[in-house]
Amino acid sequence: MHPMLNIGVRAARSAGKVIIRAFEQLDKVEIESKGTNDFVTSVDISAEEAIVETIQKSYPNHTIIGEECGLIQGSDNDFQWIIDPLDGTTNFLKGIPHFAVSIALRVKGKLDQAIIYDPIRGELFTASRGKGAQLNSSRIRVKNHKELNGTIIATGFPFKHKQHTNAYLEMFKTLFTKASDMRRAGSAALDLAYVAAGRVDGFFEIGLKPWDTAAGELMVIEAGGLVTDFVGGHNQMNSGNIVAASPRLLKEILKNIRPHLGDSLNK
Ligand code: IPD
Ligand code: CA
Ligand code: CA
């Protein structure tokens, strides 16, 4: 295992421990609102601290971008860790056991290592640039669908961006009509990991942040899939509008959502 992946895994496992301990005593978790339908808990913060501490012990000069801590500028900006300590906070708070730790390492602007860890199921998804993607050390691959017929498409509702409700529902309607079924499980990181593992066939969502998708993006690519924005470009990390699937299915998804994008989602 690449030494930096190894450190990322160690960091994800230590955050996982913090999260599981808190999940067993949910009534003790402190919650604060940080925006519309957006919450941060004492657990998000302590899980992130555990990750930052683990990374900094081995790589004190690396830059870290965390959902809760923001930018920790290191003297070596070629190495950037992008962290979501708890992806699926709403599930966590409701006692729904579906959430993950997401950690990516970008080297000179390119995604290089990825870790998505589901501490409830003990499922560790990893990927290294050019080396494929694994679930608990076994190779995973995106399902090679060519059309929407027969597929399960994962998605997230734009609950933090309700101005896009109508456009989103039109996109949903078109895809739902042609696919077998849809899933809204509540963790974008796991949605992408599940695309990589062939558990779902595709994924799309509006308005995600780099820490939601960075690790998942590399995971899908290394599992043989493609990741783009809503017009087939590579602006997904900036726009937050993301589609992931096998190359052929991704083309189909783009073709079907295109008529519903309007001006604001055209990126
Ligand atoms: C959220 C989850 C969810 C997605 C949201 C994300 P958080 O992350 O990934 O599935 O629909 O848009 O913000 O806030 O739980 O880390
Ligand atoms: Ca997230
Ligand atoms: Ca989070």
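Fair warning: this is a prediction, and the values are worked out from it, not measured in the lab.
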Full working for side chain to side chain contact (heavy atoms under 4.5 Å, CB included) between Glu68 and Val40: CA-CA 8 Å; Glu68 314 306 341; Val40 58; 3.3 Å; yes
Working for side chain to side chain contact (heavy atoms under 4.5 Å, CB included), residues Phe172 and Thr155: CA-CA 9 Å; Phe172 185 98; Thr155 184; 4.2 Å; yes
Residue pair Phe203, Ile153: steps toward the side chain to side chain contact (heavy atoms under 4.5 Å, CB included) verdict: CA-CA 6 Å; Phe203 169 67; Ile153 306 297; 5.9 Å; no
Worked verdict on Ser102 versus Asp87 for side chain to side chain donor-acceptor pair (under 3.5 Å): CA-CA 7 Å; Ser102 175; Asp87 185 63; over 6 Å; no
Audit row: Lys251, Glu147, salt bridge (Lys or Arg N to Asp or Glu O under 4.0 Å) steps and yes/no: CA-CA 9 Å; Lys251 239 183 176 176; Glu147 51 181 30; over 6 Å; no
Verdict with supporting geometry, Leu148 and Ile253, side chain to side chain contact (heavy atoms under 4.5 Å, CB included): CA-CA 8 Å; Leu148 279 160; Ile253 296 175; 4.1 Å; yes
Test log, rule ring-ring contact (aromatic ring centres under 6.0 Å, His included), inputs Phe125 and Tyr117: CA-CA 6 Å; Phe125 299 85; Tyr117 178 52; 9.5 Å; no
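In the model, Gln73 has a side-chain atom that pairs as donor or acceptor with a side-chain atom of Thr63 under 3.5 Å. Between the side chains of Thr228 and His234, not a single donor N or O lies within less than 3.5 Å of an accepting N or O. Between the side chains of Asp44 and Thr89, at least one donor-acceptor pair of N or O atoms lies under 3.5 Å. A donor and an acceptor atom, one from each side chain of Arg106 and Gln80, are located under 3.5 Å apart. For Lys178 and Asn256, the side-chain atoms include at least one donor-acceptor pair closer than 3.5 Å.
Heavy-atom contacts from other residues, nucleotides or ligands closer than 6.0 Å to NZ of Lys108 number 12 or fewer. Atom CZ of Arg248 has 12 or fewer heavy atoms from other residues, nucleotides or ligands within 6.0 Å. Summarising the local packing, CG of Asn166 is surrounded by 12 or fewer heavy atoms from other residues, nucleotides or ligands at distances under 6.0 Å.
Checking Arg183, Met182, Lys143, His145 one by one against Ile152, the side chain to side chain contact (heavy atoms under 4.5 Å, CB included) holds for a single residue, Arg183. Paired with Phe230 under the rule side chain to side chain contact (heavy atoms under 4.5 Å, CB included), one option of Asn266, Leu261, Asn235 passes, and it is Leu261.
The minimum heavy-atom distance between Asp201 and Leu249, with the atom names listed, is O-CD2, 3.4 Å. Minimum heavy-atom separation, Ala215 to Ala104: N-CB, 3.5 Å. Taking both residues in full, the closest heavy atoms of Ile140 and Gln134 are given as CG1-N, 3.8 Å, listed atom of the first, atom of the second, then distance.
No side-chain heavy atom of Trp81 sits under 4.5 Å from any side-chain heavy atom of Ile65. Between Leu226 and Ile221 the shortest side-chain heavy-atom distance does not fall below 4.5 Å. Inter-residue side-chain proximity for Ile83 and Ile55 is flagged as met; some heavy-atom pair is nearer than 4.5 Å. Counting only heavy atoms from C-beta outward, the side chains of Thr41 and Glu30 never approach each other to under 4.5 Å.
A ring-centre distance under 6.0 Å is not found for Tyr168 and Phe159. Residues Phe99 and Phe23 bring their aromatic ring centres within 6.0 Å.
In this pair, His62 and Tyr59 present their aromatic rings parallel. The plane angle is below 30°, not in the 30 to 60° band.
Cluster annotation: Ile116 is not connected to Val101 through the hydrophobic network of ILVMFWY side chains, with a link wherever side-chain heavy atoms come within less than 4.5 Å.
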